[in-house]
There are 2 protein chains.
Amino acid sequence: MAKILTGKNTSKKEVILQKAASLFKSKSYSAASMRELADIVGVEASSLYNHIGSKSELLQDICFKTGYQFLEQIEKIKNSSNSNVEKIETVIRFHIKTMAENFDEVYVANHEWKHLEEPYLTDFLNIRRNYEKSLMSFIETGIEEKEIRLVNSYVAMLTILSAVRGLEFWQRSKKNVPLQVLENDMVNQLLNGITK
Amino acid sequence: MAKILTGKNTSKKEVILQKAASLFKSKSYSAASMRELADIVGVEASSLYNHIGSKSELLQDICFKTGYQFLEQIEKIKNSSNSNVEKIETVIRFHIKTMAENFDEVYVANHEWKHLEEPYLTDFLNIRRNYEKSLMSFIETGIEEKEIRLVNSYVAMLTILSAVRGLEFWQRSKKNVPLQVLENDMVNQLLNGITK
DNA sequence: AGAAAAAACTAATAAGTGTTAGTTTTGTAA
DNA sequence: TTACAAAACTAACACTTATTAGTTTTTTCT
């Protein structure tokens, strides 16, 4: 018994999950093979199965870990006493921070979820729909309370979430644009626009 | 000789391309098989090769057709005599319109380009970088000419392009949110924000 | 050291991959 | 009708896929 630890404090399964996320990100889930993953982990493909159930289980783990992470956070924000605009701002900042810290996993959850099998696919989409609803309710309450102009809350939610998702393209130019500038500018543009 | 026409005015190659775009969109390039595509076209897999060169050529055709379409449009906008803010607005509206009209192809170009082989991958990324540069220059000139607040032009460009790309999620709720509302609201939010 | 469990290995399976060769059918033009 | 080309077909090739079975090595605990 006794989980073998690779590295500091991470089980071998966690190592595999992390490398899988990185591989799925760069090659996409379907184009990534278990042999390739095994190579990266430094083991034969069949040995992976001592630690994981299947390839699709890897995808499930990545997607749901990320999904619940976001869902949990938005519940916290919901119960805070901030104004609605502040709640939206917090959502945007959390997205950017989480994306910067867990890039591979967030990327995979955003892009490869469609390869989930049922019932996981449905479950995942429900999580996402839930999350979207929460953000929309911030916008709608904000309109009611005169913090926000009268806009279509669905479009505003879509615009915000799409914009933050776009951070995946930022990766490359980390040096040129510091995270703080990106975060502040994006929040500002989404809430206040860019015109004078 | 004599191109056999399927449908009205479309060659068989065009039919294949269109169905390939739809298939690549829903299953992703790697997970889509030529036998599957053949089924949809109504033919045996090997027969496809009377009309196309290879699977990867299909992806190339889709990506570059879309890429040049956007590049061409932004060149036109560049040469117009509109203000910079108007130019940006035109870009956003063109994105939304093109996305609504050619959804499959735009989606594939946005998501599956990474499966392009060299030298096409490099070429495609150059097209995209070019496009991004043009949009950035609208923003920068807009700042110089006091139309636009002092923002980081890279972040603003990223925010705009990411937001419009997010239209892929809109598809489903076409009925609830008409295209005009979406277009106007998105332009408005990206340029003027949503706060009061 | 000896026992037990964990995790690695080799080898194989059955199914699926893009693509080609060779052949037959279909459609067009003389 | 005869000729020719376009486009369909069947069959096969050479690989790659995820995964399992069975075995051996490594690690851990007593």
Side-chain angles (χ1 to χ4, degrees), chain A residues 1-21 23-24 26-63 108 112 114-118 120-121, chain B residues 1-21 23-24 26-63 108 112 114-118 120-121:
Chain A
M1 47 118 89
K3 308 288 139 50
I4 299 309
L5 301 187
T6 316
K8 297 139 265 277
N9 217 3
T10 31
S11 74
K12 191 118 197 184
K13 168 151 190 181
E14 274 161 24
V15 170
I16 294 173
L17 263 169
Q18 189 183 297
K19 305 237 178 192
L23 181 64
F24 292 170
S26 54
K27 303 213 33 165
S28 89
Y29 176 75
S30 297
S33 81
M34 295 302 277
R35 284 169 177 80
E36 215 168 348
L37 175 58
D39 263 6
I40 294 168
V41 175
V43 93
E44 288 298 316
S46 58
S47 304
L48 293 173
Y49 290 85
N50 285 322
H51 307 278
I52 64 158
S54 63
K55 185 187 182 185
S56 66
E57 197 191 273
L58 287 174
L59 184 61
Q60 287 156 30
D61 287 351
I62 294 167
C63 289
V108 169
E112 306 294 328
K114 65 164 71 165
H115 296 106
L116 287 170
E117 298 159 4
E118 292 294 359
Y120 305 102
L121 179 57
Chain B
M1 46 115 90
K3 309 284 137 55
I4 300 309
L5 301 188
T6 314
K8 299 141 264 278
N9 219 2
T10 29
S11 73
K12 192 118 196 184
K13 168 150 190 181
E14 274 160 23
V15 170
I16 294 173
L17 263 169
Q18 190 183 298
K19 306 236 178 193
L23 181 65
F24 292 170
S26 53
K27 305 213 32 165
S28 88
Y29 176 75
S30 296
S33 82
M34 295 302 278
R35 284 169 177 81
E36 214 169 349
L37 175 58
D39 263 5
I40 294 168
V41 175
V43 93
E44 288 297 317
S46 58
S47 305
L48 294 173
Y49 290 83
N50 285 320
H51 306 279
I52 63 158
S54 65
K55 186 187 182 187
S56 64
E57 196 191 274
L58 287 174
L59 183 61
Q60 287 155 32
D61 286 352
I62 294 167
C63 289
V108 170
E112 306 294 328
K114 67 164 71 166
H115 295 106
L116 287 170
E117 297 160 5
E118 292 294 357
Y120 303 103
L121 179 58

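Throughout, a chain's letter reflects where its sequence line sits, starting with A, and its residues are numbered from 1.
- OP1 or OP2 of D/dA7 has not a single side-chain nitrogen or oxygen of B/Ser47 nearer than 4.0 Å.
- Going from atom OH of A/Tyr49 over to atom C1' of C/dC9 covers 16 Å, rounded to whole Å.
- Note on B/His51: every side-chain N or O is 4.0 Å or more away from OP1 and OP2 of D/dA6.
- Ranked by how close their nearest DNA chain C nucleotide is to the 5' end, B/Ser46 and A/Glu44 are led by A/Glu44.
- Put simply, the side chain of B/Arg35 and the base of C/dG18 share a donor and an acceptor less than 3.5 Å apart.
- The B/Ser33 side chain lies nearest to C/dT17 when the options are C/dT20, D/dA18, C/dT17.
- Under 3.5 Å, the side chain of A/Asn50 and the base of C/dA6 form no donor-acceptor pair of N or O atoms.
- Among all heavy-atom pairs drawn from B/Ile40 and B/Lys19, the shortest one is CG2-CD, 3.4 Å.
- The residue B/Ala32 sits close only to the backbone: its heavy atoms come under 4.0 Å of sugar-phosphate atoms, none of a base.
- Comparing atom distances between the B/Ser54 side chain and each of C/dT19, D/dT17, C/dC9 picks out C/dT19 as nearest.
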> Would B/Ser54 and B/Ser56 count as a side chain to side chain donor-acceptor pair (under 3.5 Å) if you check the C-alpha gap in whole Å, the side-chain angles of each, and the deciding distance to 0.1 Å?
Replying inline: CA-CA 5 Å; B/Ser54 65; B/Ser56 64; 3.3 Å; yes

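- For the pair B/Lys55 and B/Tyr29, the distance from NZ or CZ to the six-membered ring centre is under 6.0 Å and the angle to the ring normal is within 45 degrees.
- Nucleic acid contact for B/Ala38: none, since no nucleic acid atom lies under 4.0 Å from a heavy atom of the residue.
- Proximity of A/Lys55 to the phosphate of D/dT17: no side-chain N or O atom is located under 4.0 Å from OP1 or OP2.
- One finds a salt bridge joining B/Glu57 and B/Lys13 here, because a Lys/Arg side-chain nitrogen approaches an Asp/Glu carboxylate oxygen to under 4.0 Å.
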